[in-house]
Structures are given as structure tokens and as C-alpha cells.
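Order of the sequence lines sets the chain letters (A, B, ...), proteins ahead of strands, with each chain counted from 1. Only a predicted model underlies this, so the values are computations on that prediction, with no experimental measurement involved.
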Amino acid sequence: MEEEEGLHQLQLLDTMFVRGLKRKCFDGEEDIEGTLAGFKALPSYNLQRQSLLDMYLVKLQLCHMLVEPNLCRSVLIANTVRQIQEEMTQDGTWQMISTQSTGQTSLDRLVSTDILCRSSKEQVEGKLVQGYSSFPKDFEDTQSQESSEILSTVTSGQAPRSLQSNMWEIENPQENRGNFQKSLDQIFETLENKTPDSVEDLFSEVDNSYYDLDTVLTVMMGNTKMGHCDVLETFPSQAPTNSNSNCKSDLNELDHIVEILVES
Amino acid sequence: MHSGAALGEKGTDPPFVGRVEPFGDAATDIISTVEFNHTGELLATGDKGGRVVIFQREPESKNEPYNQGEYNVYSTFQSHEPEFDYLKSLEIEEKINKIKWLPQQNAAHSLLSTNDKTIKLWKITERDKRPEGYNLKDEEGKLKDLSMVTSLQVPVLKPMDLMVEVSPRRIFANGHTYHVNSISVNSDCETYMSADDLRINLWHLAITDRSFNIVDIKPANMEDLTEVITASEFHPHHCNLFVYSSSKGSLRLCDMRASALCDKHSKLFEEPEDPSNRSFFSEIISSVSDVKFSHSGRYMLARDYLTVKVWDLNMETKPIETYQVHDYLRSKLCSLYENDCIFDKFECAWNGSDSVIMTGAYNNFFRMFDRNTKRDVTLEASRESSKPRAILKPRRVCVGGKRRKDDISVDSLDFTKKILHTAWHPTENIIAIAATNNLYIFQDKVNSEMH
């Protein structure tokens, strides 16, 4: 059955990530102090948030491929995506941290699991606190403007992805990025067509070398205490391309996906 | 009636002894629900393959003191089959989501079992006698040659090997658009409710072609959907009261006397979020996965991802007790989100006297909290611990720092071994733990020796 094959593909991905985790744990334990000293600039909260948003988007798409989407799970994920979106809109920013070198960029992009899950008071720039305090007000403003859409569209600012994709470009051949972008497009198409047959096709054309963990590990610093969660972050982060317009179109696609999701 | 012993009596934890019922290794043998009946004599389990297995407790006998009170298979039947929804082009799983026993009113036992869409009422009867000596038929049922019949006899009931017969008496179909997550029999023994993600229906046990919708949280525009129903239960004594929990962490107590549609709650039990603990995962981990009334009816037990909370029905502002199930996972939420474990729905249970609460965790661990002594214990459901007469040894998860022998570190936990379904005997210290495709039954040996 197609669903079982789709699930099998997902399990393969999970296995790959888990492999990454086990390898990482060894490195992380030993060099943790070196890592902390190595951070020249603390990771941007926005970048982390963007990475998390990308991960959520992938989750939303993946959960649609199963037999019937678990509504509770979809709602919880969609709520969190909305929360991140609102915050980003309210901040009015798609800023990225400026870095001087590729090496520093790599460090900055390595988000510790702790930071992502940390409480608001510990956030570096305190943006989370500000964000949540004015969250309800801006949410209403946005709702009145675009009442038909679940998620507000980002209208201004640069995409942080350009930085990430630049870095990735140096480390990886161009074709890998293209293939991932292609596979995401296939995901969107799948959701539009709602044919379970596409699940198999979805994964068949992805360049397997993209998921080569060794490639990934050479990009990242070996001496961080990353979980496999962070390995995942690098994948979706590079999915959208450089321009802001693609970022916006992704969000439109997201609206479309969520519409399909909740109506199914 | 035997009341449950408190944890930690006489300075030691109760020595639970156990046995394990292997269900098999097929993927469909994963246990999806466990439920004792009202006397505790019967234990029903449902699995992913749509089967129901009922265990019966052996009556205690003086001849075999060590076999007293053990559960053996009583009956097995196929409750639900996979179906196909042609409109949506989706398969409807046969997995049994919940089983609830009806209070016994005659010699037969009855239970409700449900998958995602259809609820069924099953009647379980015993046959231990059969008539012999028919006039017109012989022993094999063939018609006799009438010319050979010379006298009349009265058929006599003779004992036979016990036969357990299960038959579907009612099928409550087409009541739910979304996936049924809970069923609950009312204390009036005439009605029951079924809840899906967005609606709760009230059924009469004898009427299958209609039900009353009593809660509907579906928004007019599905794009506005932000909250779903996760569990619901009738009050054990007041037939007009029920509670339902939501994915946002709130509990709503509703009174059916107030209006036909109970969209407006009578009481809302919600704890304000602790701003210092807020993260991107706050909402997901606050989703309540199970809610259970205490036997007394005074309290409710609510399980979310990291904690289990006791609420007093008289106080809506905050729970009276909060117990950390596995707080060491708080820093791992990102990984747990990534491997989907953060969406696991754990159940919770009260003991008979409402003094101890129990819930499952990962690595085949389950936790018990004594509300009076405030002691808690972590136990493991494993093959080693369930050898005959083996006593369960408390386990410990270490989070760094001092590590004792036999401690397990957080990073070594097996997240594929999760105990989602647990049940506690209504009066005695006997617990049933479902660990994937194994059923563990643990008994408090101290108690059983006190008979």
C-alpha cells in the first residue's frame, strides 16, 4: 500500500536522523566547552525561529500523507506555526545576523536544542517577551486585514535564507539544493492533488546524496552538543530560495495547505 | 471491599508481582486500550487489529494458594474490521480506541467498544449446560427415524465445558465525522456519550439510529479551528454532569440540565500559563491527553505531556496537586517533537481509594504518585520483572550529576517503548499495564496474603 511505503520512507528519514544523533552525542559530550567558547556571536533568535518554522511546515506536509491526518496533531502544529508567524510579522523583521565569515556563520546557525526550547526570560534579545506581550493586539489587526487567511503573509524584510543558502552553496553542490526545492514542490503538488500515489513519487526523485549524513556533518561543527533536531533544521532551512518573493509564495502555499488540511 | 494500601507503608514500597500476557509479535497486536469491569473480575483489552481479548480472574481456592487471583484468557473476538470511506477515499482503521464496560445487570456481561467511527455493544454470555435427550433429534442433531421412537423423554440439562459466547447487540454507526477518542457510560445505565475531535454525542443504549449532539466546537469556518476535544467522561454519580478536555489544556465541566447543547460550560478548569516556562512547545505539551474522575466524584485527574494534575471540582483556578511525570524531558522537547513523541497520548488512572494515581512514561516505565505521603515511584514493565513472584524494583532516571547503580540516563531512554494505556482494579491493588504488544498484570502480594 502506498501509505505504508510512505511511512517506510519517513521511518528511513527518522533512522537517518537518529544515526546522526548517536554520532553527535559522542562528539558533543567531549567538546562542549570548546563549543561555548567558540560562539563569537550568539545565535539570532530570528534564525532559530525561522528554522523551527521550516520544521513545522515540513511536519504539516508529512502528516497529510498518512491515512487520515490526525486533527489534534494538525491543529497543534498549525497553532504553533501561526504563533511564530504572528511574532515574525509583529516584529516586522526578516533580519539575519551579519557575519564576517563562513565559519562564523556555521557556528551561528548551529542552534542548540536548549535555546529553541528555552523559556522567554532566557532569550538572548528578549524579543520573545516583547513579542508575546503585544501578540494579541497585532493578531487582531492582522485578522481584520486578512480574515480569509489563517496565517498572515510577511510583507517586508529580507529572507534570512540567503545567508544560509550561501553557506550551503560553498559546502554542497548546487544540485542538492535544487533537488530539495524540487521535492518540496512535489509535496505541495501532492497536497493539491490529494493522491496517495504521489507519496512514493515524492521520495523517489530526491537526490539521496542530499541526505548523506556525512555531508551534513562536514558542514556543521563537530563539537557542538546538537541533537538530531538541529540536523533536521539544516534541511528545511535551505528549502526556500534566496528571494523574498519565494518566501512569500511559500507562505501562500502554506495557507493553501492548511486550508486543505482542515477541510479534509 | 478491600481498600488500596498506600505507597510506602512500613517504609517499603508495595511489592508488586507480575505476569505477562504476550499478545504476539504482529504489528496488529499492539494493545490500544485496557479496562477492568466494575467488579474487577474481568479485564478487557483492545488492539490495533480490531480484536478484543477478555481476561477473567481465577477464583481463589485453598488448594492452589499461589494461583489465586490470576487472570486468564476468557474470550477473544473480532470487534471491528477495517472499512473504507468511499466519500473521502480514506481507510477507517479497525484499531479499538476505547472499551467501556456496562454495569452488570444480569448473568451476562456487556461492553462498548469503539474504533474511529463506529461504537458497538457486545454481550458476553456463558453457556455451561446443554440439553440432552431430545425426542426428535439424536445426539448429533440429525432427525431420528420416527419408527424407532418408542417412548417420550424429557430433555435434561447436563453440564458441559464452559463456552463463552459473544454477540454484537447494537451497532452505533454514522454518528461521527471525526475520530472518536472517548466513550463513557452514564451512571443512569441507560445512556452513554461518545466524543470525537469536535463533537460529543449522547446515545441511548437501546437506540442506534439516532443520537443527540451535546457539544459542538466546530467553528463555522474551519480555518478558524484552534482547539479540539481530546477526552471526555461522565461524572460517576451525577448523571447530568460530564467533563471534556481540550488540546489547549483546559477542562470543561458541563451540566446537561442547563441546555440541550452544552457548548457553554458550567465550569472551566484552566491554569494560567507560567510565563517563565513558555517556549514554542508550550501549547503542544499543555494538551490534555486523558481525563478521569476520581471514584468519589470530587476530583478529576488530567494528564498532559509532562505532568499529571489533580483538580478539585470546587476550584477552577488551578489544580490542587501537580505531579511531574518526566520533567527531565523538558529540555528535549525539540527532539521529541521531531520524532513525533511529543504527540503521544498517555492515559492516567486512580486506585480504588483515590489515594494513588498512576500513569505511563517511556522506556516501559510507569509512575505512581501517593497523594497522601507525596511519595512517588517509577516501575518498569519488562520481562525480567514479571517472572513469577518477582518483585518490582523501583527505577530511577538520572539527569546528570550523581549516578547510582542501575540508574538510567535520559539519553538511554527508549522512546519507542511507551506505556500509554494503564488500568487499576476498582478495589484492589492490581494493575494492568499495556506495553506495546504485551500486557502486564501486577498484583500487590502483600494484599493478597492478607485474605
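The line from NZ of B/K345 to SG of A/C72 is 3.5 Å long, rounded to the nearest 0.5 Å. A/N70 contributes atom CG, which lies 7.0 Å from atom CG of B/D197 (distance to the nearest 0.5 angstrom). Rounding to the nearest 0.5 Å gives a distance of 4.0 Å between CZ of A/R73 and CG of B/D340. Put simply, OG on A/S74 and CZ on B/F343 are 8.5 Å apart, with the number rounded to the nearest 0.5 Å.
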Start with the C-alpha gap between B/Y337 and A/T80, add the side-chain angles, then the distance that decides, and say whether side chain to side chain contact (heavy atoms under 4.5 Å, CB included) holds. CA-CA 12 Å; B/Y337 170 77; A/T80 314; over 6 Å; no
For B/I284 and A/N79: C-alpha separation, side-chain torsions, deciding distance, then whether side chain to side chain contact (heavy atoms under 4.5 Å, CB included) applies. CA-CA 9 Å; B/I284 298 180; A/N79 284 352; over 6 Å; no
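Atom OH of B/Y86 sits in a sparse spot, with 12 or fewer heavy atoms from other residues, nucleotides or ligands closer than 6.0 Å. Counting non-hydrogen atoms of neighbouring residues, nucleotides and ligands closer than 6.0 angstrom, the CG atom of B/N174 reaches no more than 12 such neighbours.
Residue B/L198 touches chain A through its side chain alone, counting heavy-atom pairs closer than 4.5 Å. The contact between B/T230 and chain A is made entirely by side chain atoms (from C-beta outward), counting heavy-atom distances below 4.5 Å.
Nearest heavy-atom pair, B/T226 versus A/R82, reported as atom, atom and distance to 0.1 Å: CG2-NH1, 3.2 Å.
For the pair A/L76/B/E283, a side-chain contact is recorded, criterion being any heavy-atom separation below 4.5 Å from C-beta on.
For B/D290, the salt bridge (Lys or Arg N to Asp or Glu O under 4.0 Å) test picks out B/K292, with sequence neighbours left out.
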